[in-house]
Amino acid sequence: MTDMTGADSTGADMTGADMTGSDMTGSDMTGSDMTGSDMTGSDSPGSGMTRDAFVLGVDSGGSGLRVALGPRDAGRPAFTTVCAEPVRTGADGIDAGHLLEQLLPAVHRLLAQAGTGATVAAVAIGAAGMATLGDQLRARLPGALADALGVRRSALAADAVTAYAGALGQRPGAVVAGGTGMIALGTDLTTWRRADGWGHLLGDSGGGAWIGRAGLDAAMRAHDGRRGGSPVLLERAEAVFGPATGLPGLLYPRTDRPALLASFAPEVGACAAGDEVAAGILRDAAAHIAEAAAAVCPGPADSRPDGCEVALTGGLFRMGEPLLGPLRGELAQQVPQARVVPAEGDPLHGALRIARALAGGRLRLPPHPTLLFVPGVT
């Protein structure tokens, strides 16, 4: 079991075909607090909302910025918008200036939609790479947001933390985010625990790139006539990528190798029902995912009476029963106290939840210098 001490979770995004990870690229919100970009209740623009009635949630990832301006209470919908350009990352980490160039105009547009006198009481920003590449954000954003928006309560979170808040709120438990990579995050509301999320070269075991690479390995074994090969996966690999002998030239020069590997994971899932090699790959993936969940789940003393809640988030789990079936079995064996629950919302939903908790002085998730940075607290 590993305490999270600053490593990021950027390996958890899924960018392969039909597997887009925890990042949503559209503007509709699936969480219970948000119903899209229009305010549909009685608090529509011009209806006299009080000042400081809003909180701001931001999700920054590989598909750009998603921004939500919601009322301080969770019972009404939020205004949302999307900035499609991903925030730049350079030698100094995530570019705070580039983030602000996109975020501030978007917020001002949303405030204008909200009506005269609307202000922001608190803001929470979740970003991929925040833990290891977020020094510039932590140094600049709180002051810049205070100057531009008058907001004095802010939190800067790793995307795994906003994914956790979106899935489970402020309850103890664990979240497994599976996409191109795989990371597990758990808390007993005292400290954070992390397992994997180390990228496709050092870990992300059981994630989309891991499954895709294992499937392509089985395809190449079949091509060579080696043990462990799968003619079925070879046929699918050549249908997707072309002749097997061309795979090295296609794969190795690419800077997005994890995404390309992950794009083959759905093919492994589709073949699993009729191919034992593909099914075995998914059983192994399920075992790795359950190992990560076991490492971060709070113990019985820190869990709910009915067990440790575990939520599965991200595009990997849209593979469905070929992966979820063996995963349920592995969780029952490795984490007997686990109780798998549906994720209540996505990372943008989680950012809004954190902002609302800040605004009301009710933040229970543990602050952390890099994972959940709260100025004046961490």
With A165, which residues qualify under side-chain contact (heavy atoms from CB on, under 4.5 Å), at least two apart? I354, L365
Could you list the residues that satisfy side-chain contact (heavy atoms from CB on, under 4.5 Å) with A244, not counting sequence neighbours? M220, H223, L234, E238
Please say yes or no: joined through hydrophobic side-chain contacts below 4.5 Å, possibly via intermediate residues, are V340 and M182 part of one cluster? yes
Check: T81 and L69 side chains under 4.5 Å, non-hydrogen atoms: no
At their closest point, which heavy atom of A218 faces which heavy atom of V277, and how far apart are they? CB-CG1, 3.7 Å
Measuring from atom CG of D159 to atom CG of L348, what distance do you get when rounded to the nearest 0.5 angstrom? 12.5 Å
Where A272 and L282 come nearest, the two heavy atoms and their spacing: CB-CD1, 3.8 Å
Can you tell me if R194 uses its side chain to pair, donor with acceptor, with the backbone of G197 under 3.5 Å? yes
Do T187 side-chain atoms and T191 backbone N/O form a donor-acceptor pair below 3.5 Å? yes
Heavy-atom closest contact (L56 atom, L352 atom, distance): C-CD2, 4.2 Å
Measure the CZ-CD1 distance between R140 and I94 for me, rounded to the nearest 0.5 Å. 13.0 Å
Could you check whether any side-chain heavy atom of V120 comes within less than 4.5 Å of a side-chain heavy atom of V55, counting everything from C-beta outward? no
With sequence neighbours left out, write down each residue that passes salt bridge (Lys or Arg N to Asp or Glu O under 4.0 Å) with D275, or none if nothing qualifies. none
Let me check something: do I281 and V232 share a hydrophobic cluster, defined by ILVMFWY side-chain heavy atoms less than 4.5 Å apart, either directly or through other members? no
Side chains of I289 and D196: closer than 4.5 Å at any heavy-atom pair? no
Ring pair (Phe, Tyr, Trp, His ring centres under 6.0 Å) pairs touching residues 110-162, sequence neighbours excluded, are none
Could you pull out all residues at least two apart from Q333 that satisfy side-chain hydrogen bond (donor to acceptor under 3.5 Å, both in side chains)? none
Would you list the atom pairs, donor with acceptor, under 3.5 Å between side chains in residues 206-217 and any protein atom, with sequence neighbours excluded?
from, atom 1, to, atom 2, distance (Å)
D217, OD2, R221, NE, 2.9

Quick one, L145 with L104, criterion side chain to side chain contact (heavy atoms under 4.5 Å, CB included). Give me CA distance, side-chain angles, the key distance, then yes/no. CA-CA 8 Å; L145 294 170; L104 292 178; 4.2 Å; yes
Please check this pair: side chain of Q136 against backbone of A96, looking for a donor-acceptor N/O pair closer than 3.5 Å. yes
Check the pair R339 / C308 against side chain to side chain contact (heavy atoms under 4.5 Å, CB included), numbers first and verdict last. CA-CA 6 Å; R339 182 167 58 89; C308 172; over 6 Å; no
Is there a side-chain contact between H108 and Q113, using heavy atoms and a 4.5 Å cut-off? no
List for me each residue that meets side-chain contact (heavy atoms from CB on, under 4.5 Å) alongside A144, sequence neighbours excluded, and say none if there are none. L100
Partners meeting ring pair (Phe, Tyr, Trp, His ring centres under 6.0 Å) with H200 (sequence neighbours left out): none
Show the nearest heavy-atom pair for residues L156 and M130, with the distance to one decimal. CB-CE, 3.7 Å
Drop me the distance from H98's NE2 to S60's OG, to the nearest 0.5 angstrom. 10.0 Å
First locate atom CG of L372, then atom OG1 of T162, and finally report the distance between them rounded to the nearest 0.5 Å. 9.5 Å
dist E267:CD -> M319:CE (nearest 0.5 Å) comes out at 10.0 Å
Does E85 offer a backbone N or O that forms a donor-acceptor pair with the side chain of Q102 under 3.5 Å? yes
Any pair counted as salt bridge (charged side-chain N to carboxylate O under 4.0 Å, His left out), so long as it reaches residues 357-370, sequence neighbours left out: none
Scan residues 283-295 for pairs that pass salt bridge (charged side-chain N to carboxylate O under 4.0 Å, His left out), counting only residues two or more places apart or in two chains. E276-R283
Side-chain heavy atoms of I125 within contact of L137, under 4.5 Å: no
Should we count CD of E321 as having more than 12 external heavy atoms under 6.0 Å? yes
Any side-chain to backbone donor/acceptor pair from D224 onto R226? Under 3.5 Å, distance only. no
State plainly whether one hydrophobic cluster holds both L316 and V335, where clusters connect Ile, Leu, Val, Met, Phe, Trp and Tyr through side-chain heavy atoms under 4.5 angstrom apart. yes
Cationic N near anionic O, under 4.0 Å, D73 to R356: no
Looking only at heavy atoms, which two atoms of A78 and G70 are closest? And how far apart? CB-CA, 3.8 Å
For P298, is there any backbone N or O sitting under 3.5 Å from a side-chain donor or acceptor partner on D188? no
Residue list, side-chain contact (heavy atoms from CB on, under 4.5 Å) with R254, at least two apart or on another chain: L250, D256, R257, L260
Output every pair passing ring pair (Phe, Tyr, Trp, His ring centres under 6.0 Å) with a member in residues 128-169, not counting sequence neighbours, ordered by first then second residue. Y164-W192
Checking side chain to side chain contact (heavy atoms under 4.5 Å, CB included) for the pair V87/L65: CA distance, chi angles, key distance, verdict? CA-CA 8 Å; V87 177; L65 285 178; 4.0 Å; yes
Quick one, F317 and L327 - any side-chain contact, counting heavy atoms below 4.5 Å? yes
Would a hydrophobic clustering, with Ile, Leu, Val, Met, Phe, Trp and Tyr connected at side-chain separations under 4.5 Å, put L201 with L133? no
SG (C271) and CZ (F264) are apart, to the nearest 0.5 Å, by 6.5 Å
Do the non-hydrogen side-chain atoms of R353 and Q170 ever get within less than 4.5 Å of each other? no
Contact summary for E330 and A290, nearest pair of heavy atoms: CB-CB, 3.6 Å
Could you walk me through whether D95 and T89 pass the side chain to side chain contact (heavy atoms under 4.5 Å, CB included) test, one step at a time? CA-CA 6 Å; D95 189 332; T89 299; over 6 Å; no
Does the side chain of S154 come within less than 4.5 Å of V123's, by heavy atoms? yes
